[in-house]
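For reference, the structure is listed below as structure tokens.
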Amino acid sequence: MGPLEWFALLRIALGLWWLESFRHKDKKAWIERNAGISWAASVAEKHKWGFVRRGFAATVAPRPKLMTWVVLLSELALGLGLVAGFLTPIALVGSALLCAIYFVTMIHDWAEQGQNLMMIAIAIACLGAGAWKVWSLDALLGLFQ
């Protein structure tokens with residue numbers, strides 16, 4: 001196996017990580033009670049950085065149902081896109097951005113910091129290496145040559 005295959009494997013692993021993030025959520029609690037957004041609101045309201053408190057209050061808090069679906073469907077789409085290698089560069093950028101948002105919001109939680117930093121690093125490495133060039137629908141369809 002060459003370097004490109006290793007990066008493709010890393011891309012697939014990142015996709016599986018997103019799929020697991022989606023799978024392990026209690027969907028009933030998330031959808032019916034907005035449990036995930038409520039938890040994030042409790043984190044954001046105590047955040048040490050004002051821009052996080054204000055940004056959450058202005059963007060997420062007024063739209064808990066919409067944001068619940070944005071989070072759930074984003075994690076699912078990222079996972080499927082990365083595993084299948086479909087629109088991979090877009091999925092890698094989205095992965096890095098979503099993890100950066102999670103990282104900033106959960107800045108006090110060391111476990112979250114480590115996970116999100118690792119996922120950002122993997123996304124950037126895969127983006128730089130062109131991890132969609134093998135074992136992907138992108139390669140099969142001739143996208144992003």
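Counting from 1, the numbers follow the sequence of the chain as shown. Values below: every heavy atom of this structure, side chains too, minus hydrogens, waters and symmetry copies.
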Got a sec: does the CH2 of W49 have more than 12 other heavy atoms crowding it under 6.0 Å? yes
Non-hydrogen atoms of A57 and P62 that approach each other most closely: O-CD, 3.1 Å
Six-ring centre of F22, K27 cation under 6.0 angstrom, axis tolerance 45°: yes
Identify whether L97 and V52 are in the same connected component of the hydrophobic contact network (ILVMFWY, side-chain heavy atoms under 4.5 Å). no
What distance do W30 atom CH2 and W39 atom CH2 have between them, rounded to the nearest 0.5 Å? 8.0 Å
With heavy-atom distances below 4.5 Å as the criterion, would you say the side chains of C126 and L14 are in contact? no
Distance, nearest 0.5 Å, that separates CG of L4 from CZ of R11: 9.5 Å
Do L76 and L72 pass the side-chain contact (heavy atoms from CB on, under 4.5 Å) test, and can you show the C-alpha distance, the side-chain angles, and the key distance before you say yes or no? CA-CA 6 Å; L76 178 61; L72 291 173; over 6 Å; no
In one Ile/Leu/Val/Met/Phe/Trp/Tyr side-chain cluster, 4.5 Å: F86, L92: yes
With a 4.5 Å heavy-atom cut-off, do V43 and F56 have their side chains touching? no
In one Ile/Leu/Val/Met/Phe/Trp/Tyr side-chain cluster, 4.5 Å: L141, I12: yes
Are V93 and I90 packed together at the side-chain level, in the sense that at least one heavy-atom pair is separated by less than 4.5 angstrom? no
Euclidean distance, K48 NZ relative to I107 CD1, rounded to 0.5 Å: 6.5 Å
Are a donor atom and an acceptor atom from the side chains of S42 and K46 found within less than 3.5 Å of each other? no
Looking only at heavy atoms, what is the nearest atom pair of E5 and M1, with distance? CB-CG, 3.3 Å
Smallest heavy-atom separation, T59 atom then M67 atom, equals O-CE, 3.7 Å
Heavy-atom pair with the smallest gap, counting every atom of Q115 and W17: CG-CZ2, 3.5 Å
To the nearest 0.5 Å, what is the distance between NZ on K65 and CD1 on I37? 10.5 Å
Here the pair of heavy atoms bringing L82 nearest to A91 is CD2-CB, 3.7 Å
To the nearest 0.5 Å, what is the distance between CG on L80 and CG on L87? 12.0 Å
Do M118 and M106 share a hydrophobic cluster (ILVMFWY, side-chain heavy atoms under 4.5 Å, transitive)? no
Distance from L19 atom CG to L16 atom CG, nearest 0.5 Å? 6.0 Å
Hey, does S95 have a side-chain heavy atom less than 4.5 Å from the side chain of I122? no
Minimal non-hydrogen separation, A96 against I120, with atom names: O-CG1, 3.8 Å
Quick check on the hydrophobic clustering: are V83 and F144 connected, directly or via other members, by side-chain heavy-atom contacts under 4.5 Å? yes
Should M119 and W18 count as side-chain neighbours, where that means a heavy-atom distance under 4.5 Å? yes
With a 4.5 Å limit on heavy-atom distance, are the side chains of W132 and L137 in contact? no
